[in-house]
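Just so it is clear, the values below take in all heavy atoms, side chains as well, and ignore hydrogens, waters and symmetry mates.
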Amino acid sequence: ATETARSSEQAEGANLVRTQASEVCMMNDRYMGGEQMPIEIDGKTYYGCCAGCQARLEHDEETRYAIDPVSGARVDKATAIIGRDEKNRVYYFENIENYASYHRR
């Protein structure tokens with residue numbers, strides 16, 4: 001959680017680019033620039049860049065969630081609105097309003 005908070009602070013004021021979930025490694029929380037491996041868990045689709053990420057996402061439920069940097073709410077990565085900053089770090093939002101609010105900072 002500390003790393004997520006630190007990343008959010010670093011991105012303050014950064015313009016975000018709305019990003020497709022399929023182009024994100026949800027284990028590393030990084031934009032990968034291309035289609036990632038779909039991982040089906042409980043009827044939802046997560047994405048990872050390798051078999052190691054797939055195993056962690058499947059077996060560690062906490063890796064499937066992030067904290068919305070605007071509301072502080074716990075967000076399921078499979079259903080989140082995703083934005084990336086200029087360093088390809090990704091941020092997960094519970095709704096488009098929070099994404100838009102953060103994007104304007």
Is there side-chain contact between [X] and [Y], with at least one heavy-atom pair below 4.5 Å?
X      : Y     : value
Tyr65  : Val75 : no
Tyr102 : Leu16 : yes
Val24  : Tyr47 : no
Tyr46  : Ile41 : yes

Test log, rule side chain to side chain contact (heavy atoms under 4.5 Å, CB included), inputs Ile81 and Tyr99:
CA-CA 7 Å; Ile81 303 295; Tyr99 167 80; 3.8 Å; yes
Using the rule that two of Ile, Leu, Val, Met, Phe, Trp, Tyr join whenever any of their side-chain heavy atoms come within less than 4.5 Å, decide whether Met26 and Val90 are in one cluster.
yes
Measure across [X] and [Y] and return the closest heavy-atom pair with its distance rounded to 0.1 Å.
X     : Y     : value
Thr45 : Glu40 : OG1-OE2, 2.6 Å
Cys25 : Met32 : N-CG, 3.7 Å
Ile39 : Gly48 : CD1-N, 3.6 Å
Arg30 : Lys87 : NH2-O, 3.0 Å
Lys44 : Ala78 : CB-CB, 3.8 Å
Phe93 : Pro69 : CE2-CG, 3.4 Å

Spacing of [atom1] belonging to [X] relative to [atom2] belonging to [Y], to within rounding of 0.5 Å:
X     : Y     : atom1 : atom2 : answer
Arg84 : Glu86 : CZ    : CD    : 11.0 Å
Met27 : Cys50 : CE    : SG    : 9.5 Å
Ile96 : Arg18 : CD1   : CZ    : 4.0 Å
Arg74 : Glu94 : CZ    : CD    : 13.0 Å
Asn95 : Glu97 : CG    : CD    : 4.5 Å
Tyr92 : Asp29 : OH    : CG    : 4.0 Å

When you measure from the side chain of [X] to the backbone of [Y], do you find a donor-acceptor pair of N or O atoms at a distance under 3.5 Å?
X     : Y     : result
Glu61 : His59 : no
Thr19 : Val17 : yes
Asp68 : Gly72 : no
Lys77 : Arg64 : no

Quick check: are there more than 12 heavy atoms from other residues, nucleotides or ligands sitting under 6.0 Å from CG of Asp42?
no
